[in-house]
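Counting from 1, the numbers follow the sequence of the chain as shown. Both counts, for ligands and for their atoms, begin at 1 and track the order of listing.
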Amino acid sequence: MLLESPPKLSSLRKVFVSPDQQGRSIGNELIKRTIAHAETSGASNRVLITFSFNTVSQGLYIRHGLLPRFPIYNVSASREQVIGHLHGPRYDVTPLRPEASTLRRLAQADERILGVSREKHHRYLINDGAATGFNLLDGNDWIGYAYVDAGGHIGPLAVTEPHAVAPALRTALYLAAESDASRISAFLPGASKAALDTTMALRMRIKCPMLLMSS
Ligand SMILES: CC(C)(COP(=O)(O)OP(=O)(O)OC[C@H]1O[C@@H](n2cnc3c(N)ncnc32)[C@H](O)[C@@H]1OP(=O)(O)O)[C@@H](O)C(=O)NCCC(=O)NCCS
């Protein structure tokens with residue numbers, strides 16, 4: 001579960017109740033307390049991703065005011081598969097560095113694209129070293145950013161213009177294909193035709209259908 005509080009973000013993941021204790025309102029109470037806790041820190045909007053086939057979690061979240069918005073697809077393919085099919089325009093890249101000017105630019109872009117700043121998230125990703133971040137450049141114009149981790153997973157990725165989705169994703173796929181990872185994967189918003197078309201053309205496979213829910 002992602003609890004969003006402009007300009008801050010806080011998150012809770014992996015809600016789990018022991019199978020022998022399920023159906024006794026424990027999950028309900030956990031969600032209630034989590035939301036109450038988030039409200040004390042000023043969170044005004046709540047967002048989460050759950051499995052599309054999880055009827056219990058969806059029913060529970062709906063009861064707490066989080067409604068289904070759009071599907072999220074976890075897609076994946078072998079590195080060879082991606083390399084074998086990948087073609088088309090891509091952007092130039094430079095590494096993301098934890099400089100104040102870079103973090104300011106990322107925060108401004110996210111505020112425009114998402115309505116919230118993710119500065120803390122970027123600082124964590126850039127400094128943690130678990131993923132490598134890149135500026136995406138269309139000639140001299142900064143068009144967005146992409147992260148690729150050592151396991152071949154792409155994301156987060158964001159662009160400032162809708163037409164940039166396909167070349168940006170293609171760029172990230174090239175970057176992931178240059179790594180040693182045996183598989184390449186990404187979470188895609190089901191609302192983005194460009195993202196789905198790009199990955200399905202590569203014969204990437206949907207591994208897990210998920211759902212974005214929000215208040
Ligand atoms: C999801 C999970 C946390 C729920 O915890 P829980 O303690 O069993 O749930 P509760 O008893 O508090 O609440 C169950 C509620 O789910 C909802 N629900 C259950 N099945 C439902 C269905 N088929 N349709 C709609 N709503 C449903 C109802 O609101 C129900 O409450 P009610 O029985 O009073 O009507 C628990 O099942 C779990 O740990 N599952 C495995 C891990 C998991 O899937 N986590 C969620 C990942 S996002």
for atom 34 (O) of ligand 1, nearest protein heavy atom and its distance come out as Arg63 NH1, 3.3 Å
Nearest-contact summary for atom 8 (O) of ligand 1 - protein heavy atom, Å = Gly23 N, 2.8 Å
Please report which non-hydrogen protein atom sits nearest to atom 40 (N) of ligand 1, along with the residue it belongs to and the distance in Å to one decimal place.
-> Gln22 NE2, 3.5 Å
Within 6.0 angstrom of Phe53 CZ, more than 12 heavy atoms from elsewhere = yes
Does some non-hydrogen atom of the protein lie less than 4.0 angstrom from atom 2 (C) of ligand 1?
-> no
Quick one: which of Val56, Ile31, Leu48, Leu60 has a heavy atom closest to atom 13 (O) of ligand 1?
-> Leu60
Indicate yes or no: does an N/O atom of Tyr61 lie under 3.5 Å from an N/O atom of ligand 1?
-> no
Counting only heavy atoms not in Phe70, do more than 12 fall under 6.0 Å of its CZ?
-> yes
Distance-minimising heavy-atom pair for Ser185 and Asn74 = CB-OD1, 4.4 Å
Taking everything shown except Asp180 itself, do over 12 heavy atoms lie less than 6.0 Å from its CG?
-> no
N/O of Val15 under 3.5 Å from N/O of ligand 1, yes or no?
-> yes
So, Thr102 versus Arg97: side-chain donor-acceptor pair below 3.5 Å or not?
-> no
What about Asn28: any of its N or O atoms under 3.5 Å from an N or O on ligand 1?
-> yes
State whether the shortest distance between N or O atoms of Gln21 and N or O atoms of ligand 1 falls below 3.5 angstrom.
-> no
Relative to the heavy atoms of Asn54, which atoms of ligand 1 are at a distance of less than 4.0 Å?
-> 43 (C), 44 (O), 46 (C)
Taking distance alone, no hydrogens or angles, what donor-acceptor pairs closer than 3.5 Å link side-chain atoms of residues 204-215 to residues at least two apart or in another chain?
| unit_1 | atom_1 | unit_2 | atom_2 | d |
| --- | --- | --- | --- | --- |
| Ser214 | OG | Arg69 | NE | 3.0 |
| Ser215 | OG | Asn45 | OD1 | 2.8 |
| Ser215 | OG | Arg46 | N | 2.8 |

Shortest non-hydrogen contact from Asp149 toward Ala130 | CB-O, 3.3 Å
Going by atom types alone, do Tyr145 and Asp110 pair a side-chain donor with an acceptor below 3.5 Å?
-> yes
Mind checking whether Glu29 has an N or O less than 3.5 Å away from an N or O of ligand 1?
-> no
N or O contact, Gly27 vs ligand 1, cut-off under 3.5 Å | yes
Would you say Val148 and Leu157 are hydrophobically clustered, going by side-chain heavy atoms of ILVMFWY under 4.5 Å?
-> yes
Identity and separation of the nearest protein heavy atom to atom 25 (C) of ligand 1 | Gly59 CA, 3.7 Å
Nearest to atom 24 (N) of ligand 1, what protein heavy atom do you find, and at what distance?
-> Thr55 O, 4.0 Å
Within a distance under 4.0 Å of any heavy atom of Arg24, pick out the atoms of ligand 1 and give their elements.
-> 11 (O)
Show me the donor-acceptor pairs within less than 3.5 Å that the side chains of residues 84-96 make with the rest of the protein, sequence neighbours left out.
| unit_1 | atom_1 | unit_2 | atom_2 | d |
| --- | --- | --- | --- | --- |
| His85 | ND1 | Gln81 | O | 3.0 |
| Thr94 | OG1 | Asn135 | ND2 | 3.0 |

Got an N/O contact under 3.5 Å between Thr50 and ligand 1?
-> no
What atoms of ligand 1 come within less than 4.0 Å of a heavy atom belonging to Ser25?
-> 10 (P), 11 (O), 12 (O)
Below 3.5 angstrom, do we get any N/O pair linking Val17 and ligand 1?
-> yes
Heavy-atom closest pair (Val165 atom, Ala195 atom, distance to 0.1 Å) is CG1-N, 3.9 Å
